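Order of listing sets the numbers, starting from 1, for every ligand and every atom in it. As the structure is a computational prediction, the values presented were derived from the model and not from experiment.
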Amino acid sequence: MGKTLIVYYSWVGNTATVAREIQAQTGFTLRAIEEKKTRKPGAYAGAAMAGFFGIGGAIRPMDFSMAEYDQILLGVQIWAGHAPPAVLHFIRQAELSGKKVWLFITKADDHVPQPFLDGLVKRIEKRGGTVAGHFSVKTKMDTIIPVENFREDLTAWLAAQGFVEAATIAEQENP
Ligand SMILES: Cc1cc2nc3c(=O)[nH]c(=O)nc-3n(C[C@H](O)[C@H](O)[C@H](O)COP(=O)(O)O)c2cc1C
C-alpha cells in the first residue's frame with residue numbers, strides 16, 4: 001500500500017470527529033478543508049441553500065501536495081441531499097489521477113442517498129480518481145457524535161479495506 005491522506009470538511013464537527021478517530025487508528029496524515037469565509041454557527045438555512053444549489057464555499061489553499069499520496073480518505077457530509085460546496089471545490093482542484101479514494105460520510109438520515117454517492121463518484125472520476133469504498137455514520141444535528149457510537153464499526157471497516165490489522169478488532173473486543 002502507498003501513502004494515505006485523510007482529508008475532510010466539517011462545519012459542526014461530526015465529520016472532524018470521525019476523521020480524528022481514523023487518524024488515531026491508522027496514523028495517516030490528517031488535513032482539514034477550510035472555507036475562506038467563516039460560516040456563522042447555526043446558519044443552517046444558508047448552508048442548506050449553499051448545498052442544494054452548490055453555491056459559495058471557496059476554500060483556503062491546502063498545505064500539502066496531493067502528489068505525495070496515492071490513497072485518499074475523503075470526509076464529507078450531506079447538506080440538503082448534496083455535498084457541501086467546500087468539498088466540491090476541493091475535488092475540482094484536486095489532481096486525483098491514478099488515486100484511490102474512500103469516502104467517509106456523516107449524515108442525519110439513516111441512509112446515504114444513491115444520487116449523493118453517484119454524484120461524488122462522478123466528480124472524483126472526472127479528476128482521474130477511483131472510489132474504492134465508503135463508510136457512513138449517522139449523527140444528530142447540533143450535537144457532536146460520541147466516538148463510542150461508531151468506533152467498532154469504523155475499525156471493522158478500516159480492517160476490511162486493509163488500513164488496520166484485523167488484530168485491532170480482537171484487541172478492542174478482549175482488552
Ligand atoms: C445545512 C444542513 C443540511 C443538512 N442536510 C442533510 C440531508 O439532506 N440529509 C442528511 O442525512 N443529513 C443532513 N444534514 C445533517 C448533516 O449531514 C450531519 O449532521 C453531519 O454529520 C454534519 O457534519 P459536520 O458536523 O461535520 O458539519 C444537514 C445538516 C446541515 C447543517
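Sorted by chain then number, the residues whose non-hydrogen atoms approach ligand 1 to under 4.0 Å are S10, W11, V12, G13, N14, T15, Y44, A47, A48, Q77, I78, W79, A80, G81, T106, K107, A108, D109, T139, M141.
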Worksheet entry | Working for ring pair (Phe, Tyr, Trp, His ring centres under 6.0 Å), residues F163 and W102 | CA-CA 11 Å; F163 288 125; W102 285 259; 4.8 Å; yes

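Using a 4.5 Å heavy-atom cutoff, the side chains of I59 and Q93 are in contact.
Counting only N and O atoms by type, the side chains of Q77 and Y9 include no donor and acceptor under 3.5 Å apart.
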Let me check something: any side-chain donor-acceptor pairs from residues 136-148 under 3.5 Å, sequence neighbours excluded? List them with distances.
| from | atom 1 | to | atom 2 | distance (Å) |
| --- | --- | --- | --- | --- |
| K138 | NZ | D110 | OD1 | 2.5 |
| D142 | OD1 | Y44 | OH | 2.2 |

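Note on residues 80-89: no pairs pass salt bridge (Lys or Arg N to Asp or Glu O under 4.0 Å), not counting sequence neighbours. Every pair tested for salt bridge (Lys or Arg N to Asp or Glu O under 4.0 Å) that includes a residue from residues 47-56 fails, sequence neighbours excluded, so the list is empty.
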